[in-house]
Trainee: 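I'd like to ask some things about the structure below.
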Amino acid sequence: MSEPDKYLPEAIETKWCERWAAERTNEPDLDRAERPFYNLMMFPYPSAEGLHVGNLFAFTGADVYGRFKRMQGYQVFEPIGFDAFGIHSENFAIKVGVHPAELIPRNIANFTRQLTRMGGMFSWRNVLSTTEPSYYKWTQWVFLQLYKQGLAYKKHGAVNWCPSCKTVLSNEQVIAGACERCGTVVEQRALEQWYFRITDYAERLLANLDDPTKMDWSDTTVMAQKNWLGRSHGAEITFRASDAASSGITVYTTRPDTLFGATFLVLAPEHPLVDALTTGAHRAAVEAYRAQAAAQDVVTRKVGDKEKTGVFTGSTALNPATGGQVQVWIADYVLMDYGTGAIMAVPGHDERDFAFATKFGLPIVRVIAGPGEDAGTPLDAAHTGIDGGGRMVNSREFDGRTPMDTKAAITSWLTSRGTGKETVQYRLYDWCISRQRYWGPPIPIIYCDDCGPVPVPEADLPVVLPAIDDFRPDDSGVSPLARHAEWYFVPCPTCGKQGRRETDVSDTFLDSAWYFLRYPSSELTDRPFDLARTKKWLPVASYIGGNEHAVLHLLYSRFITMVLHDAGMLDFEEPFRKFRAHGLIVKDGAKMSKSRGNVVVPDQYIDKWGADTFRTYLMFLGPFQEGGDFRDAGISGPRRFLDKVWELVIQARHPDSFDAEIRREVLVKWHQVKQRVAEEIEHLRYNTAIAALMELVNVLRDQNCAERTLVTELVQMTAPFAPHFAEECWERLGHKRTIFDSTWPSFDPALTIEDTITVAVQVNGKTRGSVVVPRDSTEAVVRTAAEADPAVAKYLAGEIKKVIWVPGRMLSFVVVS
RNA sequence: GCUCGGGUGGCGAAAUGGUAGACGCAGGGGACUUAAAAUCCCCAGGGGGCAACCCCGUCCCGGUUCGAGUCCGGGCCCGAGUACCA
C-alpha cells in the first residue's frame with residue numbers, strides 16, 4: 001500500500017538524485033554564466049575505507065553554502081575530484097598486494113556513490129582524478145613552466161632511509177627515529193632532489209595575506225601561514241677569525257642587541273668553513289662528530305629539547321663589539337639550512353646557548369638587567385625576551401638603553417663599520433618535490449650525456465607512468481621506474497642520442513596545487529586551462545577545507561598561481577578570494593583514523609535516517625567552523641523538524657486574505673527568521689540558521705498556520721540543508737523547475753520590527769523586572785511604567801541618582817539608599 | 001616551549017557590554033492506545049519558600065562599568081598547529 005502523503009526519505013532521495021543527473025541540474029554553463037560563483041571544497045583522497053563522517057561534514061558544509069549562493073542568483077560551479085596519487089595509495093596497495101591502478105578506480109567508484117548519495121551539488125561532468133594521464137599531463141606541464149623560469153632546480157638533500165626496508169621514507173613514516181613498518185633505526189641519506197624555489201616568493205606570500213583586496217581568509221589559517229613563512233628581522237654579523245689566514249664567519253641573529261654577550265660561535269656540522277677552522281689536535285673529534293650528525297635521520301635531527309652535543313674546532317674568532325676572542329664550536333643544534341648556518345651564542349639570553357655553555361663550561365655574560373638586577377647579578381637561566389623592561393649592562397656605550405633601542409643602534413653601528421647588515425630571514429624552505437617512488441606523475445626531464453638535463457617538449461607530454469607490476473621500492477635509492485629499460489632509455493629531445501628519463505615522480509602536493517585551475521576546463525585536452533573560462537570563474541569565490549592544509553596545500557597553491565601569473569598566464573595572483581576552515585569532527589576526542597579504529601562511516605546513518613536528515617543533523621551539531629566530537633544522540637531532532645515541515649507542506653493552503661489570516665505576530669517572526677537565516681548561512685553559522693527555522697516551524701504549528709506563501713518560503717530555506725526533501729516539497733507545492741533555480745526569500749525590514757517591546761528593568765545592575773511597552777516608547781514612558789511595577793518599585797526606596805536608558809532594551813536605575 | 005582556538009545545565013549548544021541557557025537531545029509528568037512505538041500537551045540550571053517571590057550560578061583570582069559569559073590583568077585546564085628557526 002502506498003501512502004502518497006508520507007515522508008519517505010529513501011524514495012525521495014533516489015528520485016531526485018536521478019532527476020538531477022538526467023536534467024544536468026548541477027552543471028552550470030561554463031561559457032555563458034553571467035553571475036559565476038566558483039564554490040570549491042578540498043577534493044578527497046579516495047581511501048579504501050570510503051568517506052567518513054568527517055569528510056561528509058566538510059562537504060555538506062561547503063555544499064550548503066553553494067546551494068545558498070545559487071538561490072541568491074549566482075550560477076554556482078561546484079566541482080569535485082580525487083587526489084589519488086601519492087604515498088598513501090602506494091603504501092596501501094603494497095600492503096594488500098593489489099596494484100594501485102586497480103585499487104584506485106575501485107575506491108573512486110565507491111566515493112562517487114557516496115558523494116552522489118549525500119546530495120552534493122557536484123558538477124559531475126567536470127570530475128577529475130589526478131591519476132588520469134589527461135590530468136597529470138598538465139601537472140608535468142606545470143613543472144616545465146617552473147623549470148623554464150629557473151624555479152625548479154636540483155640539489156643534494158637529506159632523506160630518511162630505512163636500511164631494512166631499503167627505501168626512502170617520508171617524515172610521517174618515521175616514528176621516534178624508527179621506521180614505522182619494521183622499527184629499524186632510520187638513517188639520513190643525501191640524494192639528488194628536485195626543488196621549487198618557493199623561498200623567492202616568501203615576501204609576496206606574506207604580504208598578500210594582509211591585503212584584503214586579494215584575500216579574505218580565516219584568521220587561524222592566515223596565522224598558520226605567517227608562522228610557517230616565519231619572517232624574522234635581525235642582522236648578519238661577521239666575526240673576524242683570530243687566525244688572519246682564514247676569512248671571517250658570518251652569523252645570523254635576531255638579537256644584535258646582545259652582541260656584547262656573545263661568548264662563542266657555533267657552526268652547523270655541515271658548514272663549509274668547518275674544515276678550514278679545525279686545527280690539528282681537534283680534527284679527529286670534529287670528523288667523528290660530523291659523521292655522527294650526518295648519520296642521524298632527518299626527523300630526530302630536528303626534534304628539539306635534546307641534550308646538547310658539540311665539539312670545539314680549535315679556532316677562535318673576534319667579537320666585533322668587545323674585541324675579545326671567542327671559541328668556535330660545531331653543534332647539531334645549529335641548522336645549515338637556516339640563516340647562515342652559524343650563530344653567535346649568547347648564553348645569558350638564549351636558552352639553547354645557555355644549556356650548551358653550561359654543559360661545556362663556556363663563559364656566560366649578562367648584558368640585560370631586569371628590574372632589581374644589575375650587571376653583576378648572576379644568571380641561573382637564560383634571560384630571554386627583548387621587551388621585558390630590561391636595560392643594557394656590560395655593553396659599554398649602550399649601557400642603560402633598552403634592548404629594543406640597542407638592537408637598532410648596534411645594527412647601524414655594525415653597518416657603518418662594514419661588519420654587519422640588517423637582514424630579514426624566512427623560516428620557509430624550498431619545496432622538495434621529487435619522490436623516489438612509483439605512484440605519481442613522472443618528472444618530465446631527460447638526461448643526456450651531451451646536453452645535460454633536457455625538459456621533455458610540451459608536445460610529448462604526458463610522460464605516461466608505465467603500468468608495471470613490480471612497483472615496490474627497492475634498495476637502489478632510485479624510483480622503481482629505473483628498472484624498466486624500455487621506459488628508462490629514450491632519445492634526447494635535443495640531439496637524438498640515447499638519454500635517460502628522470503625516474504623520480506613528483507610530490508602529491510603538486511597535483512593538488514593547481515587542480516582548481518583545471519576544473520572549469522577539465523574536458524579540454526589541448527590546454528591546461530582555457531583563458532576565457534579561467535577569467536570567468538577564477539579566482540575561486542569560496543574555498544572551504546580543513547585547517548590541516550592551512551600550510552602546505554594552500555601555500556603551494558598560492559605559489560603555483562603566482563608563478564603562472566608572473567608568466568602572464570593568469571590575471572590574478574591569489575587563487576582563493578575567500579577561504580574558510582571548517583572544524584574537525586573527532587570521535588572520542590581523537591581525529592578519525594583507521595589506525596585508531598574510530599572511523600565513523602556515514603552510510604549506516606543515511607540508510608536509517610536519509611541523507612537529508614543526516615546533513616541537517618551534521619550542520620546542527622555545532623558551529624561549522626569549530627567541529628566537535630561526533631555522537632549520534634540527537635539525530636532524531638532534525639528528522640522531527642523535517643517531518644514537521646513536511647506536514648505543513650501537506651496542509652498548505654491559500655488564504656482568502658493574507659493579512660487577515662496571518663496574525664501580526666507570525667508575520668514578524670517570519671520576516672525575522674528570513675533575515676536571520678540568510679545572515680547565518682552567509683557566515684557559515686548553520687547551527688543557528690537551523691535553530692531559527694525550527695523556531696519558525698514551531699510558531700507556525702502553534703498558530704495552526706499553514707499559509708501557502710509562508711510554507712513555500714520555509715521549504716526554500718530548508719533547501720540548502722535538505723536538498724532532496726526540499727525539491728519534493730517544492731514539486732508538491734506545484735512548481736516545475738528545480739527549487740535551486742528559485743529566488744531566495746527576501747524579507748521586509750519594516751516587518752521585522754515588533755509592535756511592542758519588552759524592556760528589562762535593572763536597579764543597581766540587578767534585573768528586577770520588565771515592562772512591555774509600545775515599540776517607540778520614550779525613556780519617560782518606560783520609566784513611568786517601570787516605577788509602577790511593584791516588583792521594581794520596592795527597590796527604588798532611596799534616592800535615584802541616575803537612570804540609564806538603552807533604547808528598546810533596558811532601563812537601569814542607580815539608587816543610593 | 002611557542003602560536004592559535006576553547007572552558008556556559010545531565011548532553012550538543014545560544015547570547016551587538018544590557019532579562020544567561022534560544023534551538024535540539026536525553027529526562028520527568030500527562031493525553032491518545034488493550035499495550036507499545038509514533039504523535040501531541042506540560043515541566044525542566046541549583047537551592048529555599050504554601051505562595052508572591054528570594055538567594056546562588058557561565059573554570060579560578062583580581063580589575064573596569066550603573067551593569068561582565070562577553071572587556072582588561074594574572075592563573076589553571078582542554079584541543080589544534082608547530083617544533084633546537086638563533
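Order of the sequence lines fixes the chain letters, A, B, ..., with proteins taken first and strands second; residue numbering starts at 1 for each chain. Computed from heavy atoms alone, side chains included, the values below leave out hydrogens, waters and symmetry copies.
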Trainee: Sequence neighbours excluded, which residues qualify as salt bridge (Lys or Arg N to Asp or Glu O under 4.0 Å) partners of A:Lys359?
Mentor: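 With sequence neighbours excluded, A:Lys359 shows a salt bridge (Lys or Arg N to Asp or Glu O under 4.0 Å) to A:Glu307, given in chain and number order.
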Trainee: Taking atom C1' in both B:C11 and B:G21, what distance in whole Å separates the two?
Mentor: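 Nearest-Å result for B:C11 against B:G21 at atom C1': 13 Å.
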Trainee: Indicate, with a heavy-atom threshold strictly under 4.0 Å, whether A:Thr758 touches base, sugar-phosphate, or nothing.
Mentor: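 Answer is base: heavy atoms of A:Thr758 come under 4.0 Å of a base.
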Trainee: Sequence neighbours excluded, which residues qualify as salt bridge (Lys or Arg N to Asp or Glu O under 4.0 Å) partners of A:Asp219?
Mentor: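 Result, salt bridge (Lys or Arg N to Asp or Glu O under 4.0 Å) vs A:Asp219: none returned.
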Trainee: Who are the ring pair (Phe, Tyr, Trp, His ring centres under 6.0 Å) partners of A:His383, not counting sequence neighbours?
Mentor: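 Only A:His349 meet the ring pair (Phe, Tyr, Trp, His ring centres under 6.0 Å) criterion with A:His383.
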Trainee: Do A:Leu267 and A:Leu277 have side chains that approach each other closer than 4.5 Å (heavy atoms only, starting at C-beta)?
Mentor: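 Yes. Closest side-chain heavy atoms under 4.5 Å.
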Trainee: Would A:Phe264 and A:Phe356 satisfy ring pair (Phe, Tyr, Trp, His ring centres under 6.0 Å), going step by step from the backbone distance to the final call?
Mentor: CA-CA 10 Å; A:Phe264 56 101; A:Phe356 195 83; 5.7 Å; yes
Trainee: Detail all sub-3.5 Å separations between protein N/O atoms and N/O atoms belonging to nucleotides 39-44 of chain B.
Mentor:
unit_1	atom_1	unit_2	atom_2	d
B:C40	OP1	A:Arg701	NH2	2.6

Trainee: With salt bridge (charged side-chain N to carboxylate O under 4.0 Å, His left out) as the rule and sequence neighbours excluded, what pairs involving residues 220-234 of chain A come up?
Mentor: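 For residues 220-234 of chain A, and leaving out neighbouring residues, the salt bridge (charged side-chain N to carboxylate O under 4.0 Å, His left out) pairs sorted by first residue read A:Asp210-A:Lys226.
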Trainee: Show me the protein contacts with nucleotides 1-9 of chain B, counting only N or O atoms at under 3.5 Å.
Mentor:
unit_1	atom_1	unit_2	atom_2	d
B:U3	O2'	A:Asn227	ND2	3.2

Trainee: Does B:A80 have OP1 or OP2 under 4.0 Å away from a side-chain N or O of A:Asn547?
Mentor: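 For B:A80, OP1/OP2 do not have a side-chain N/O of A:Asn547 under 4.0 Å.
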Trainee: Distance between the C1' atoms of B:G62 and B:C25, in whole angstroms?
Mentor: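 One C1' to the other, the span is 38 Å.
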Trainee: Mind checking what makes salt bridge (Lys or Arg N to Asp or Glu O under 4.0 Å) contact with A:Lys669, not counting sequence neighbours?
Mentor: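 Listed in chain order: A:Glu695.
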Trainee: Could you pull out all residues at least two apart from A:Phe620 that satisfy ring pair (Phe, Tyr, Trp, His ring centres under 6.0 Å)?
Mentor: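 With sequence neighbours excluded, A:Phe620 shows a ring pair (Phe, Tyr, Trp, His ring centres under 6.0 Å) to no residue whatsoever.
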Trainee: Given atom CD of A:Gln762 and atom C1' of B:G67, what is their separation to the nearest angstrom?
Mentor: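 Rounding to the nearest Å, CD of A:Gln762 and C1' of B:G67 are 5 Å apart.
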Trainee: A:Leu621 near the nucleic acid: base, sugar-phosphate alone, or nothing, with a heavy-atom cut-off under 4.0 Å?
Mentor: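 It contacts sugar-phosphate atoms only.
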Trainee: Looking at residues at least two apart in the chain, or sitting in another chain, which of them share a salt bridge (Lys or Arg N to Asp or Glu O under 4.0 Å) with A:Arg640?
Mentor: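 Applying salt bridge (Lys or Arg N to Asp or Glu O under 4.0 Å) to A:Arg640 gives none.
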Trainee: Using whole Å, report how far CZ of A:Phe641 lies from P of B:C25.
Mentor: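 The answer, rounded to whole Å, is 12 Å.
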Trainee: What contact category does A:Ala224 fall into here, base, sugar-phosphate, or nothing, at under 4.0 angstrom with non-hydrogen atoms?
Mentor: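 Nothing, no nucleic acid heavy atom in range.
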Trainee: What integer number of Å spans the C1' atoms of B:A38 and B:G48?
Mentor: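 That atom pair is separated by 40 Å.
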Trainee: Measure OH/A:Tyr617 against C1'/B:C23 and give the value in whole Å, please.
Mentor: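 Taking atom C1' of B:C23 as the reference, OH of A:Tyr617 is at 14 Å.
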Trainee: Is there a side-chain polar atom (N or O) of A:Tyr333 under 4.0 Å from OP1 or OP2 of B:A86?
Mentor: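 For A:Tyr333, the contact criterion (side-chain N or O under 4.0 Å from OP1 or OP2 of B:A86) is not met.
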Trainee: For the pair made of CD1 in A:Ile585 and P in B:A80, what is the distance, rounded to whole Å?
Mentor: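 Spelled out: CD1 on A:Ile585 to P on B:A80 is 14 Å.
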Trainee: Describe the nucleic acid contact of A:Thr254 in one word from base, sugar-phosphate, nothing, applying a heavy-atom distance below 4.0 Å.
Mentor: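 Sugar-phosphate only.
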Trainee: Strictly under 3.5 Å: I want the nitrogen or oxygen pairs between protein and nucleotides 47-58 of chain B, one per line.
Mentor:
unit_1	atom_1	unit_2	atom_2	d
B:C54	OP1	A:Tyr795	OH	2.8
B:C55	OP2	A:Arg768	NH1	3.4

Trainee: What does A:Asn687 touch in the nucleic acid at a heavy-atom separation under 4.0 angstrom: a base, only the sugar-phosphate, or nothing?
Mentor: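 Sugar-phosphate contact only.
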Trainee: Which value, in whole Å, describes the distance between the C1' atoms of nucleotides B:U16 and B:C71?
Mentor: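 That atom pair is separated by 14 Å.
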Trainee: What residues, two or more places apart in sequence or in another chain, satisfy ring pair (Phe, Tyr, Trp, His ring centres under 6.0 Å) together with A:Phe239?
Mentor: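 Scan of A:Phe239 (ring pair (Phe, Tyr, Trp, His ring centres under 6.0 Å), adjacent residues dropped) gives none.
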Trainee: When the nearest nucleotide of RNA chain B is assigned to A:Ile690 and to A:Arg255 on a heavy-atom basis, which residue is associated with the more 5' position?
Mentor: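 Closer to the 5' end of RNA chain B: A:Ile690.
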Trainee: Whole-Å distance between B:G18 C1' and A:Met810 CE?
Mentor: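 That distance rounds to 5 Å.
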Trainee: Say you pick atom C1' in B:A31 and the same atom in B:A36; how far apart are they, in whole Å?
Mentor: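 Approximately 15 Å lies between the C1' atom of B:A31 and that of B:A36.
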Trainee: A:Phe509: which residues meet the ring pair (Phe, Tyr, Trp, His ring centres under 6.0 Å) condition with it, sequence neighbours left out?
Mentor: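 Partners of A:Phe509 by the ring pair (Phe, Tyr, Trp, His ring centres under 6.0 Å) criterion, ordered by chain and then number, come out as A:Tyr556.
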Trainee: A:Gln425 CD to B:A86 C1': how many Å, rounded?
Mentor: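 Distance check: A:Gln425 CD to B:A86 C1' gives 10 Å.
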Trainee: Can you list the steps and then say if A:Tyr605 with A:Phe630 is a ring pair (Phe, Tyr, Trp, His ring centres under 6.0 Å)?
Mentor: CA-CA 12 Å; A:Tyr605 296 107; A:Phe630 180 81; 5.7 Å; yes
